[in-house]
Novice: 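Encoded as structure tokens, here's the structure I'll be asking about.
Computed from a predicted model, the values in this text were never measured in an experiment. Both ligands and their constituent atoms are indexed starting at 1 by order of listing.
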Amino acid sequence: MVDNSSLQAAIAELKRRKHAVILAHYYTRPEVQQVADFLGDSLALAVEARQSDAEIILFAGVHFMAETAKVLSPDKKVLLPCPEAGCSLAESCDAAAFAAFKARFPGHKVVSYVNTTVGVKALTDICCTSSNALKVVESIPADQPIIFAPDRNLGSYIRKLTGRQNMILWDGACHVHEEFSLEGILELRRRHPGAQIVAHPECRAYILEVADFVGSTAAILAHCGSSACREFIVVTEAGILCEMQRRYPDKRFIPAPPTDAACGCNDCKYMKMVTLENIYAALRDESPAIEIDEQVRLAAEQSILRMIEIS
Ligand code: 13P
Ligand code: SF4
């Protein structure tokens, strides 16, 4: 078995030789984050994919993120080291079923979370991420009805913040963020009375109600840095703890438990499918590469570019 540092050195050499960059999400494994040229949340990664002048973009993340990069950079080779790295939220919104749903609500603008397939993005007016969902919805006139897809928890949260009743939600969710245990979180707070609860808006409403701060991955990271608090109970995917501890070594970060402690589902199993081994193989073989039908790509591109304009 080859050790991590030899693989990391081999990946660095391939990157240099092939003019490739690695973009990685904060939820990937720590050793994968270490080989990234750019580490970010889904919004920052989309913006970086668009700006990059590399010939090859290797996406250390899940399928919809690599697809977004290919939509924005059609002339580049976009590699996804593990094609099985999907997303339960994106899978909860099938494009054909969504088209039928949309047809039931004529005159509605469609706002879709970037955690969707390219087929759903092609049916969307404006994409958003958890970082800019509020801004995107607020950019639409108050009397314009909206369909918000696919995350019902983020949608309900935005509906609560804006007081907007003319927003219909698609009934989708992420298996990681749905599974946090309220009792477990409150028990942690009893044991750490000075700790703040920080949560991602994909969590259920009853979790967001007890949170001291709600925000996207990047917003949570920034909040933990600027807050005077020294301890945080982190209610999102546990991969983020690696970057938190790296940035703020003097603070303490406690991962929130899932309802079923044995399932380990505060880790996104899809993000963890990306390994140094499959990154090395993908760079070496320049495969698997993302391919998208040009008609679908053009339709999806509009919705992503509008999102980037608003961010
Ligand atoms: P961010 O938009 O915060 O990066 O979240 C991506 C994601 O997949 C959340 O589960
Ligand atoms: Fe998808 Fe949830 Fe994993 Fe994010 S954490 S990539 S929403 S399954």
Novice: Among H177, M271, H25, which residue places a heavy atom closest to atom 6 (C) of ligand 1?
Specialist: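 Considering heavy atoms of H177, M271, H25, the nearest to atom 6 (C) of ligand 1 sits in H25.
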
Novice: Is any N or O atom of H200, backbone or side chain, closer than 3.5 Å to an N or O atom of ligand 1?
Specialist: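 N/O-N/O distance below 3.5 Å exists for this pair.
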
Novice: Within the structure, is a non-hydrogen atom of E202 found at a distance of less than 4.0 Å from ligand 2?
Specialist: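 Flag set, E202 near ligand 2.
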
Novice: Quick one: does V198's side chain get under 4.5 Å of I233's, heavy atoms only?
Specialist: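 Not in contact.
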
Novice: Does an N or O anywhere in S42 fall below 3.5 Å from an N or O of ligand 1?
Specialist: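 So ligand 1 has an N or O lying under 3.5 Å from an N or O of S42.
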
Novice: Check for me whether E237 has a heavy atom closer than 4.0 Å to any atom of ligand 1.
Specialist: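 Contact absent.
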
Novice: Could you check whether any side-chain heavy atom of V235 comes within less than 4.5 Å of a side-chain heavy atom of I185, counting everything from C-beta outward?
Specialist: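 Heavy-atom side-chain distance check passes, below 4.5 Å.
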
Novice: Determine the interplanar angle of the W170 and F98 rings, folded into 0 to 90°, and report it as parallel if under 30°, tilted if 30 to 60°, perpendicular if over 60°.
Specialist: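 Geometry flag for F98 against W170: perpendicular rings.
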
Novice: When you look for heavy atoms under 4.0 Å from ligand 1, do you find them on the side chain of N115, its backbone, both, or neither?
Specialist: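 The answer is the side chain.
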
Novice: I want to check something: taking the side chain as every heavy atom from C-beta on, are I56 and V21 in contact at a cut-off of under 4.5 Å?
Specialist: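 SC-SC contact between I56 and V21 ruled out.
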
Novice: Has ligand 1 got any nitrogen or oxygen that is less than 3.5 angstrom from a nitrogen or oxygen of S131?
Specialist: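 The answer is no, given that S131 and ligand 1 share no N or O pair closer than 3.5 Å.
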
Novice: Enumerate the residue pairs fulfilling salt bridge (charged side-chain N to carboxylate O under 4.0 Å, His left out) with a member in residues 229-247, sequence neighbours excluded, ordered by first and then second residue.
Specialist: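 Passing the test, one end in residues 229-247: E231-R252, E237-K272, E243-R246, E243-R247.
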
Novice: Between K251 and M244, is any pair of side-chain heavy atoms under 4.5 Å apart?
Specialist: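 When only atoms from C-beta onward are counted, M244 and K251 do not touch, as no gap falls below 4.5 Å.
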
Novice: Could you tell me the residue and atom name of the protein heavy atom closest to atom 3 (O) of ligand 1, and the distance to it rounded to 0.1 Å?
Specialist: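 So the nearest neighbour among protein heavy atoms is T217 OG1, 2.5 Å.
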
Novice: How about atom 1 (Fe) of ligand 2, which protein N, O or S atoms come within less than 2.8 Å?
Specialist: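 Under 2.8 Å from atom 1 (Fe) of ligand 2 - ignoring waters, which are not counted - the protein N, O or S atoms are C87 SG.
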
Novice: Applying a heavy-atom cut-off of 4.0 Å, say which part of Y27 lies close to ligand 1: side chain, backbone, both or neither.
Specialist: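 Near ligand 1, Y27 shows its side chain, while the N, CA, C and O stay back.
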
